[in-house]
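Here the structure is laid out as C-alpha cells; the discussion comes afterwards.
Treat the numbers as computed from the prediction; the structure is a model and nothing was measured. So that the names make sense, note that chain A is the first sequence line, chain B the second, and so on, each numbered from 1.
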2 protein chains.
Amino acid sequence: MKPTIYDVAKEAQVSIATVSKVINDTGRISEKTRKRVLEAMEKLRYQPSVVASALTGKRTNTLGLLIPDLANPFFAEVARHVEDRGQEKGFNVIMCSTDYNPAKEAKYISLLKQKQVDGIILGSGFYNDQMIAELQQENFPLVMISQEIPALDIDTVSVDDFMGGYQVTQYLLSLGHRRIGVIAESFQDNPANVRWSSKERIRGYREALEAAGIGFDEDLVFISNSTIEAGKRVAGALLDAGPHPTAIFALNDVLAIGTIKAVRERGLKIPEDIAIVGFDDTILATIVDPPLTTVAQPIRDMGYQAMDLLIEKIEGKENTTKRIILSPQLMIRQTTCPLT
Amino acid sequence: MKPTIYDVAKEAQVSIATVSKVINDTGRISEKTRKRVLEAMEKLRYQPSVVASALTGKRTNTLGLLIPDLANPFFAEVARHVEDRGQEKGFNVIMCSTDYNPAKEAKYISLLKQKQVDGIILGSGFYNDQMIAELQQENFPLVMISQEIPALDIDTVSVDDFMGGYQVTQYLLSLGHRRIGVIAESFQDNPANVRWSSKERIRGYREALEAAGIGFDEDLVFISNSTIEAGKRVAGALLDAGPHPTAIFALNDVLAIGTIKAVRERGLKIPEDIAIVGFDDTILATIVDPPLTTVAQPIRDMGYQAMDLLIEKIEGKENTTKRIILSPQLMIRQTTCPLT
DNA sequence: TTGAAAGCGCTAACAG
DNA sequence: CTGTTAGCGCTTTCAA
C-alpha cells in the first residue's frame with residue numbers, strides 16, 4: 001500500500017499533525033523534528049494525497065481548458081503554452097474539446113466542477129452565456145482566452161482583432177488592391193454563427209477601407225466553416241461570383257489554405273493574380289507554398305497570461321476584472337505582392 | 001454552498017447511506033424512496049463530489065496522457081482521439097507534454113499519481129524504463145501508444161512501423177528508384193537517440209531493399225531532430241553529400257517538409273528530380289505543395305484502442321498483456337512519380 | 001429495505 | 001513546539 005501520513009508519523013515518531021505541518025510548512029517546528037519527518041518521508045517515498053487534501057478544502061492544482069478542437073493547430077499551440085505555464089506554476093490541465101457544441105461545453109464544465117478543478121480557462125467558441133453567468137456568480141475562477149464576450153464582465157486575454165483586420169487591409173491597400181474579398185469563420189456549419197473575432201476583424205477591414213475612401217461591399221464577404229475543404233469551397237464561390245477580387249483576406253490560416261487551393265484550381269497565380277492573407281500564423285503558414293502572409297497572434301503570450309490571470313483569481317489576489325488585449329503582428333511572406 | 005449528500009438526505013428524509021445507494025445503484029431500494037431521493041437530488045442540483053468518493057477508494061475517472069509535444073500535429077491528433085474516446089467512456093484526460101525529457105516524464109507521472117488518476121497512457125518517447133517497471137509492479141494501469149519498448153512486457157497499441165518502411169521502399173523501387181535516402185528521427189538534439197519507430201521503419205526499408213537485391217547503404221541514412229528546420233538542414237547535408245539520391249524517405253511528415261524545403265532550395269524539382277515520402281499523414285501532408293505521399297497511421301484507431309485497453313486494465317477485466325498492432329496505409333499523392 | 005457508524009488521508013483549530 | 005480531535009463528503013459493512 002501507498003504510505004499515508006500515519007506511516008510517516010509513526011516512522012518519525014511524531015503525530016500526524018506535525019507531519020502535516022512540515023509538509024505544508026505551516027506552524028512552527030523545531031529543526032530537529034522537521035529533519036526527522038523529512039527523512040521519514042524520504043525513506044517511505046511518501047507523497048501526500050491530493051485527493052485527501054482537496055477534501056479538506058485545499059486546491060486540487062488542476063485546471064480545465066475548454067477549446068473547440070485540440071487537433072486544430074492553433075488551439076493545440078494555445079493548449080501547449082497553457083500547459084507549460086501551468087506546469088511552471090504547479091498546475092495540471094484537463095483538456096476539453098467542445099467542437100463549438102454547447103451541450104459538450106455544459107457537460108465538460110459540469111464534470112470539471114465535480115472534480116473540483118481550481119479554475120477553468122475558456123477558449124471555446126463559448127456562447128453559452130447563461131452557464132458563464134452562473135459560474136461567475138458562484139465566484140468560480142474563470143478566464144476567457146482568445147474570445148471576447150462583450151456582454152459579460154469576465155477576465156479575458158485576447159488579441160486585438162480589430163487592429164489585425166485593419167492592418168491587413170491597410171497593407172493590402174498600400175499594395176494597390178481595391179477589391180478585397182473576405183472569408184470569415186463560422187461554426188457548427190451554420191453561416192449565421194460568425195465568430196466574434198471574425199466580426200471584429202471585419203470591422204477593422206471595413207474601417208480601413210472607409211478610411212481610404214472605399215466603400216464596404218457586403219458581397220465580398222463570404223462565410224465558411226473552419227476546415228480546409230469548406231474554405232476551398234467557399235473561396236471558390238467567392239471567386240466565381242463575378243469579377244474576382246485581387247486579394248482575399250481569409251480570417252484564419254486554415255481558411256487561407258483552402259483559399260489557396262481554390263485559387264490554384266482556377267489556374268490563377270499567387271500572388272500575382274490574387275494575393276492572399278491569413279490569420280493566426282500557425283505552423284501551417286510556414287509550410288504552405290508559397291509561405292503565407294498572415295497575422296501572428298502572440299499565442300505563447302496569450303497562454304501564459306491566461307494562466308497567470310487564472311492563478312491570480314484562484315489565489316484571490318485579484319478581484320477586479322481585467323481584459324488583456326495583445327497586439328497582433330503582420331507577417332509579410334510570399335502570398336502578397338504589389339498589384340501590377 | 002454546494003449541496004452535499006447530507007442535504008439530499010435531509011431533503012428526501014432518508015439517510016445518507018440510502019442516497020449513496022441510489023447514486024451508485026447498489027443495494028436494494030424501494031421504488032418509492034428511490035424516486036424521492038432522485039427528486040431531492042434534482043431539486044438541489046446535487047452533484048456528487050468526485051474527490052470525496054475517490055477518497056473512499058473509488059475511481060477519479062481521470063487519466064493522464066504523456067506525449068512529447070501537444071503542439072506537434074501528430075500528437076495533437078492522437079490526444080484529440082484519446083480525449084474523444086475518454087469522453088465517451090466517462091473519463092477526462094490530463095495532457096502532459098514531456099519534450100522527450102525524462103525529468104519531465106518523471107515529474108508528471110509523480111504528479112498524476114498524487115492526483116490518483118486511474119491510469120496513464122504513455123505516448124512519450126518514454127525511455128525511462130525504470131519508472132515504467134516500477135509502475136508495472138505496482139500494477140498501475142498503463143498503456144503505451146505509438147511506441148514499443150520491446151524489453152518491457154506492457155500493453156501497447158502501435159502501428160506496424162516495419163511494414164510501413166517496407167511498403168514505402170517497395171513502392172519507391174517499383175517506381176524505378178535505386179538510391180533512396182532516409183531521414184530518421186532522433187530526439188533531444190542527440191543523433192544517438194534514434195526513435196524506436198524510426199529503427200523499425202529503417203529495418204523495413206532495408207529488408208525491402210535486400211529483397212530487391214540492393215544493398216543497404218548506411219551513408220544514405222541521416223538522422224535529424226524532428227523540426228522543420230532541422231529536417232531541412234539534415235536533408236541538405238544528405239543532398240550535398242555526393243551524388244544525390246533520386247528519392248528521400250523522411251520518417252515523419254515534419255521531416256518531409258524540411259526535406260522539401262532543402263530540395264527546393266537547391267533548385268531541384270519534386271517529384272521529377274527527387275521523390276519524397278513522409279510518414280504519419282498529418283494535416284501537414286495535405287497542405288504542402290505538392291501534396292505529400294506519406295504513410296497514414298490510423299491515428300483515430302490508435303487513440304480509441306489505447307483508451308479501450310486502458311479502461312479494460314482499470315476495470316481489471318483483463319490482465320494478460322496485449323499488443324495491438326495496426327496496419328499503416330500508403331497514401332500516394334504528388335511527391336512521387338516514376339523515375340525517368 | 002433502511003440506517004448507524006466506521007473509516008478514506010489530510011487539515012486546522014485548540015490545548016497542552 | 002507538539003499532539004488531540006473534529007471534520008471534509010462519500011462508501012460500505014453490519015444491524016435492525
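Contact check on A:D308 versus A:K322 returns no salt bridge, with no Lys/Arg side-chain nitrogen under 4.0 Å from an Asp/Glu carboxylate oxygen. Salt bridge B:E134/A:R45: present, at least one basic N to carboxylate O contact under 4.0 Å. A salt bridge links B:E315 and B:R59; the closest N-O separation between the charged side-chain nitrogens and carboxylate oxygens is under 4.0 Å. A salt bridge between B:R34 and B:E31 is present, with a side-chain N of the basic residue lying under 4.0 Å from a carboxylate O of the acidic one. Between B:K35 and B:E39, at least one side-chain nitrogen of the basic residue sits less than 4.0 Å from a carboxylate oxygen of the acidic one, meeting the salt-bridge criterion.
Of all nucleotides listed (C:dT1, D:dC1, C:dG3), C:dT1 comes nearest to the side chain of B:T33. With C:dA12, D:dG9, C:dG9 as the candidates, the nucleotide lying closest to the side chain of B:I5 is D:dG9.
The phosphate of C:dT11 (OP1 or OP2) has no side-chain N or O of A:T56 nearer than 4.0 angstrom. Using a 4.0 Å cut-off, no side-chain N or O of A:T26 falls inside it from OP1 or OP2 of C:dA12. OP1 or OP2 of C:dC10 lies within a sub-4.0 Å distance of a side-chain N or O belonging to A:Y46. Considering only side-chain N and O atoms, B:S30 lies under 4.0 angstrom from the phosphate OP1 or OP2 of C:dT2. Residue A:S49 places none of its side-chain N or O atoms closer than 4.0 Å to OP1 or OP2 of C:dG9. Taking side-chain N and O atoms only, A:T18 has no distance below 4.0 Å to OP1 or OP2 of D:dT2. Side-chain nitrogen and oxygen atoms of A:S20 include at least one within less than 4.0 Å of the OP1 or OP2 phosphate oxygen of C:dT11.
Distance, A:M1 CE to C:dG7 P: 16 Å, rounded to whole Å. Spacing between atom CZ of A:R59 and atom P of C:dC10 amounts to 18 Å, rounded to whole angstrom units. Rounded to a whole Å, the CZ atom of B:R36 is 12 Å from the C1' atom of C:dT1. Atom CD1 in A:I29 sits roughly 13 Å away from atom P in C:dA12 (whole-Å rounding). Atom P of nucleotide C:dT11 and atom CG of A:L55 are separated by 11 Å, given to the nearest angstrom. For the pair B:I16 CD1 and C:dG3 C1', the computed distance is 9 Å after rounding to whole Å. Atom C1' of nucleotide C:dC10 and atom CD of B:Q114 are separated by 13 Å, given to the nearest angstrom. Going from atom NZ of B:K58 over to atom C1' of D:dT11 covers 7 Å, rounded to whole Å.
Within 4.0 Å of B:I23, counting heavy atoms only, lies no atom of the nucleic acid at all. Nucleic acid contact class of B:V19 (heavy atoms, under 4.0 Å, all strands): none. Looking at heavy-atom distances under 4.0 Å, A:S53 makes contact with sugar-phosphate atoms alone, never a base.
Counting heavy atoms of neighbouring residues, nucleotides and ligands inside a 6.0 Å radius, atom CD of A:E88 exceeds 12 of them.
Side-chain N or O atoms of A:D69 include none that pairs as donor or acceptor with a backbone N or O of A:S97 at under 3.5 Å. Side-chain N or O atoms of A:N193 include none that pairs as donor or acceptor with a backbone N or O of A:S186 at under 3.5 Å.
Map A:A17 and A:G57 each onto its nearest nucleotide of DNA chain D; the residue landing nearer the 5' end is A:A17. Residue-to-nucleotide proximity on DNA chain C shows that, of B:Y6 and A:V50, the 5′-proximal contact is made by B:Y6.
On a pure distance criterion of 3.5 Å, a polar donor-acceptor pair joins the side chain of A:K21 and the base of D:dG3.
For the helix from C:dT1-D:dA16 to C:dG16-D:dC1, the angle separating the two terminal helix axes comes to 40°, with each axis derived from five pairs and the value rounded to 10°.
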